[in-house]
2 protein chains.
Amino acid sequence: MPKLGMEPIRRAALVKATIEEIGAEGSLEVTVARIAKRAGMSSALAHHYFGSKDEIFLAAMRHILSVYGAEVRGALVMAKSPRDRVEAVIRAGFSESNFRPATIAAWLHFYVLAQKSPAAARLLAVYQGRLRSNLVHGLRPICGTAAPGIADRIAALIDGLYLRTGLSGAGPRGPGATADVLLALEAEINNAT
Amino acid sequence: MPKLGMEPIRRAALVKATIEEIGAEGSLEVTVARIAKRAGMSSALAHHYFGSKDEIFLAAMRHILSVYGAEVRGALVMAKSPRDRVEAVIRAGFSESNFRPATIAAWLHFYVLAQKSPAAARLLAVYQGRLRSNLVHGLRPICGTAAPGIADRIAALIDGLYLRTGLSGAGPRGPGATADVLLALEAEINNAT
DNA sequence: GGTTCTTTATTGACTGGTCAATCAACAAAA
DNA sequence: TTTTGTTGATTGACCAGTCAATAAAGAACC
């Protein structure tokens with residue numbers, strides 16, 4: 001019963017299943033067979049559409065990043081002042097969707113993959129560059145030449161808090177992490193102006 | 001030619017080889033066979049002394065953490081003022097030994113393992129608790145009740161900068177990372193007092 | 001409207017390889 | 001002869017990726 005035009009449906013299902021499968025029991029030892037099963041197809045079909053396991057995972061990561069990007073853009077349209085813009089970027093980074101166990105586990109997997117896969121490293125660089133430029137753009141009107149330095153530290157703080165939250169159940173969850181970054185931001189801005 | 005008293009020697013050799021093997025090409029796909037070969041013994045012997053692969057890796061991580069702990073203690077004896085104490089903890093976190101590719105890769109592997117292995121999670125909690133308490137201890141005389149909050153943010157910043165450094169060849173290396181944390185510390189202290 | 005051809009969808013079975021862990025056996029020291 | 005050290009060989013499992021085969025949907029041609 002081959003209906004035509006299945007490709008986009010299958011690909012989307014595999015991306016979704018990949019994130020779910022990584023999230024289930026937080027394991028990074030996902031197999032193509034399990035992903036395919038979760039997506040309701042054979043592993044052979046998964047290979048047919050994506051070619052390799054890494055390709056499947058990269059597609060999943062692109063999806064996560066695109067959701068993240070959409071959230072940032074959505075938050076930015078609401079921002080009136082430069083300060084609002086910075087806050088919007090920070091809040092988007094700790095949004096509920098980013099804090100789902102599946103997303104956190106996917107990020108960890110992504111970090112590991114970035115050590116070996118040039119494509120993953122490139123994708124990671126895109127994310128980091130976007131985060132940085134978003135922060136700098138908001139900070140420049142507030143602290144001028146100090147903006148890039150502050151942006152780097154805030155970006156690293158975001159990543160660090162995100163990592164800590166993902167690893168130990170302890171540490172500040174979403175809102176707590178946001179509050180922590182905003183406190184650090186406050187201190188940096190007061191110090192720079 | 002079985003000389004007696006080999007156990008500590010073999011264990012130490014395996015720990016050393018594990019870290020080296022993880023560092024070589026930064027891969028996390030270390031096999032017991034390769035570790036054992038690097039340590040000059042059969043894989044069977046490695047299992048004989050450690051029981052499982054995870055045990056071997058946990059021993060290696062304990063070693064890394066003990067070296068880190070020693071560096072922190074060493075730096076602390078030189079510290080005269082509370083401010084010196086905080087700086088000592090920060091500098092120790094970004095010491096040369098922590099920035100070797102092997103150590104960075106081991107940390108990443110450790111993070112991943114902590115998601116599944118309770119023993120690894122416990123070890124990670126010990127590290128985080130120690131880092132936090134060291135920072136709080138130094139900060140308390142400087143900023144009083146603000147110390148714990150600042151310590152949390154500085155600790156997260158340390159982890160985030162460490163992660164970024166390990167992942168992209170870019171980003172501030174050891175001294176740069178230290179400088180970044182010290183700048184953030186300055187801002188936090190000025191803001192709190 | 002039927003017949004062939006091509007394209008897309010789909011899977012079961014298989015391959016080639018890897019790896020952790022075990023075990024039986026051997027060697028030397030105490 | 002008991003304890004400690006040591007390994008080659010093997011087992012058992014898992015898994016990514018391939019392939020041949022099947023099935024249907026449309027296209028082209030008559």
Side-chain angles (χ1 to χ4, degrees), chain A residues 1-22 24-25 27-61 105-106 109-110 112-113 115-117 119-120, chain B residues 1-22 24-61 105-106 109-110 112-113 116-117 119-120:
Chain A
M1 34 327 219
K3 322 111 202 186
L4 291 206
M6 291 303 284
E7 175 154 358
I9 297 169
R10 294 300 197 190
R11 291 180 88 99
L14 282 169
V15 162
K16 183 162 169 279
T18 301
I19 296 170
E20 287 173 2
E21 187 64 29
I22 290 178
E25 44 180 327
S27 170
L28 301 191
E29 284 155 9
V30 282
T31 71
V32 174
R34 287 179 69 94
I35 292 171
K37 184 174 187 181
R38 187 181 284 267
M41 73 194 80
S42 72
S43 72
L45 197 53
H47 277 103
H48 172 65
Y49 283 125
F50 279 99
S52 77
K53 185 184 180 178
D54 281 1
E55 283 299 319
I56 297 175
F57 182 71
L58 273 180
M61 208 58 222
H109 193 166
F110 184 44
V112 170
L113 191 65
Q115 289 208 312
K116 291 187 305 187
S117 156
Chain B
M1 30 331 218
K3 323 110 202 184
L4 291 206
M6 292 301 287
E7 176 155 357
I9 297 169
R10 293 300 197 189
R11 291 181 87 99
L14 282 168
V15 163
K16 183 161 170 280
T18 301
I19 297 170
E20 288 173 2
E21 188 64 29
I22 291 178
E25 39 180 332
S27 170
L28 300 192
E29 284 156 8
V30 282
T31 71
V32 174
R34 286 178 70 94
I35 292 171
K37 184 175 186 181
R38 188 181 282 267
M41 72 193 81
S42 72
S43 72
L45 196 53
H47 277 102
H48 173 65
Y49 282 125
F50 279 99
S52 77
K53 184 185 182 177
D54 281 1
E55 283 298 319
I56 297 175
F57 182 71
L58 274 181
M61 208 58 220
H109 192 167
F110 185 45
V112 170
L113 191 65
K116 291 187 306 186
S117 156

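Per chain, numbering begins at 1; letters A, B, ... match sequence-line order.
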Between [N] ([atom2]) and [X] ([atom1]): distance, integer Å:
X: B:K37; N: D:dT7; atom1: NZ; atom2: C1'; answer: 15 Å
X: B:E29; N: D:dA16; atom1: CD; atom2: P; answer: 12 Å
X: B:E7; N: D:dT6; atom1: CD; atom2: P; answer: 10 Å
X: A:M6; N: D:dA24; atom1: CE; atom2: C1'; answer: 13 Å
X: A:L113; N: D:dA16; atom1: CG; atom2: P; answer: 14 Å

Taking the side chain as every heavy atom from C-beta outward, state whether B:E29 and A:K116 have any pair of such atoms under 4.5 Å apart.
-> yes
Any B:L58 side-chain heavy atom under 4.5 Å of B:L113 side chain | yes
Which heavy atom in A:A46 sits nearest to a heavy atom in A:L14, and how many Å separate them?
-> CA-CD1, 3.8 Å
For A:R38 and A:A24 the tightest heavy-atom approach is NH2-CB, 3.6 Å
Could I get the full list of side-chain contact (heavy atoms from CB on, under 4.5 Å) partners for A:A12, not counting sequence neighbours?
-> none
When you check the phosphate oxygens OP1 and OP2 of D:dT4, does a side-chain N or O of B:R10 lie under 4.0 Å from one of them?
-> no
Using a cut-off of less than 4.0 Å, is there contact between a side-chain N or O of A:R34 and OP1 or OP2 of D:dC15?
-> no
Do any of residues 43-58 of chain A sit with a heavy atom less than 4.0 Å from DNA chain C, and if so which?
-> A:A44, A:L45, A:H48, A:Y49
Select base, sugar-phosphate, or nothing to describe what B:T31 touches, counting heavy atoms under 4.0 Å on all strands.
-> sugar-phosphate
Not counting sequence neighbours, list each pair that qualifies as a salt bridge (charged side-chain N to carboxylate O under 4.0 Å, His left out) and has a residue in residues 42-61 of chain A.
-> none
